[in-house]
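Computed over heavy atoms, backbone and side chain alike; hydrogens, waters and symmetry mates excluded. Letters A, B, ... mirror the listed sequences (proteins, then strands); counts begin at 1.
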Amino acid sequence: DVKVTQSSRYLVKRTGEKVFLECVQDMDHENMFWYRQDPGLGLRLIYFSYDVKMKEKGDIPEGYSVSREKKERFSLILESASTNQTSMYLCASSSPRTGHQETQYFGPGTRLLVL
Amino acid sequence: AQKVTQAQTEISVVEKEDVTLDCVYETRDTTYYLFWYKQPPSGELVFLIRRNSFDEQNEISGRYSWNFQKSTSSFNFTITASQVVDSAVYFCALSEASGGSYIPTFGRGTSLIVHP
């Protein structure tokens, strides 16, 4: 089974802090994704990566950056956290080698509260 | 552009009732994939099913069944004899094959509450 883990389930930060959200997958997947989920808005794509050191902007990249130094790890960075970044953050991975790269597997999510 | 609509924001049923969650999609692609995910209160999205656009066969898995109808661009999900453990937010998603990105678009989710 694919295992996607996220470093924290709950996180409380102050406005202006730099925040790191870590995601690790253990299935050697090439593709990794970061979403945020807000009530009534569903999942919105922030950034994604198809390979190490590669990143692509999603639909709402503003205020975020990412880092993919190793294949298994994809980090989401909030350079200067703001209250409107209070949200649930979900990481996902997929791989074309599975024959079903359209299928994403998700981590447990990180609920971030910015005060 | 691809689009997914889950018109039902919240559904409340009593245990053992059958419930259908609606999903309507829009796409110009001929090759695409449809998904349902379940998000229990713990937060993790659990993959339930994937269906490609060339396979309109309905699928049944235990108490779960899916009805894919291209004619109405719908991919509805039915839970038979609902149980309290079915309480969750359910997301429908669409992934187009064109461009090779396969990045899904998610609906806004339907919150299902099953009362004992």
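The same ILVMFWY cluster, assembled from side-chain heavy atoms under 4.5 Å apart, contains both B/Phe77 and B/Leu34. A single hydrophobic cluster is not seen to contain both A/Met88 and A/Met32; linkage of ILVMFWY side chains at heavy-atom distances under 4.5 Å, directly or through other members, places them apart. Cluster annotation: B/Leu48 is not connected to B/Leu45 through the hydrophobic network of ILVMFWY side chains, with a link wherever side-chain heavy atoms come within less than 4.5 Å. No continuous path of ILVMFWY side-chain contacts below 4.5 Å connects A/Leu11 to A/Val4, so the two sit in separate hydrophobic clusters. A/Leu21 and A/Val24 fall into different hydrophobic clusters, where Ile, Leu, Val, Met, Phe, Trp and Tyr are joined by side-chain heavy atoms under 4.5 Å apart, directly or via other members.
Annotation: the span from A/Arg44 atom CZ to B/Thr105 atom OG1 amounts to 13.5 Å, rounded to 0.5 Å. Between the OH atom in B/Tyr37 and the CG atom in A/Leu90 there is a gap of 11.0 Å [rounded to 0.5 Å]. Note: A/Phe33 CZ to B/Ile103 CD1 = 5.5 Å, rounded to the nearest 0.5 Å.
Only the side chain of B/Gln39 comes within contact range of chain A, with heavy atoms under 4.5 Å apart. Of the two parts of A/Arg9, only the side chain, counted from C-beta on, holds a non-hydrogen atom closer than 4.5 Å to a non-hydrogen atom of chain B. Using a 4.5 Å cut-off between heavy atoms, B/Thr9 makes no contact with chain A at all. Only the side chain of A/Gln37 comes within less than 4.5 Å of a heavy atom of chain B; its backbone N, CA, C and O stay farther away.
The number of heavy atoms from other shown groups lying within 6.0 Å of NZ (B/Lys70) is above 12. Taking a 6.0 Å sphere around CD of B/Gln57, one finds it holds 12 or fewer heavy atoms contributed by other residues, nucleotides or ligands. Other residues, nucleotides and ligands contribute at most 12 non-hydrogen atoms within 6.0 Å of the CD1 atom of B/Ile60.
For the residue pair B/Phe91 and A/Gly42, the shortest heavy atom distance occurs at CE2-CA, 3.9 Å. Shown here for B/Glu44 and A/Phe106, the closest heavy-atom pair between the two residues is OE2-O, 3.5 Å. The two residues B/Arg50 and A/Thr103 come nearest to each other via the heavy atoms NH1-OG1, 2.5 Å.
Note on A/Gly109, A/Pro39, A/Gly107: by heavy-atom pairs under 4.5 Å with chain B, the leading option is A/Gly107.
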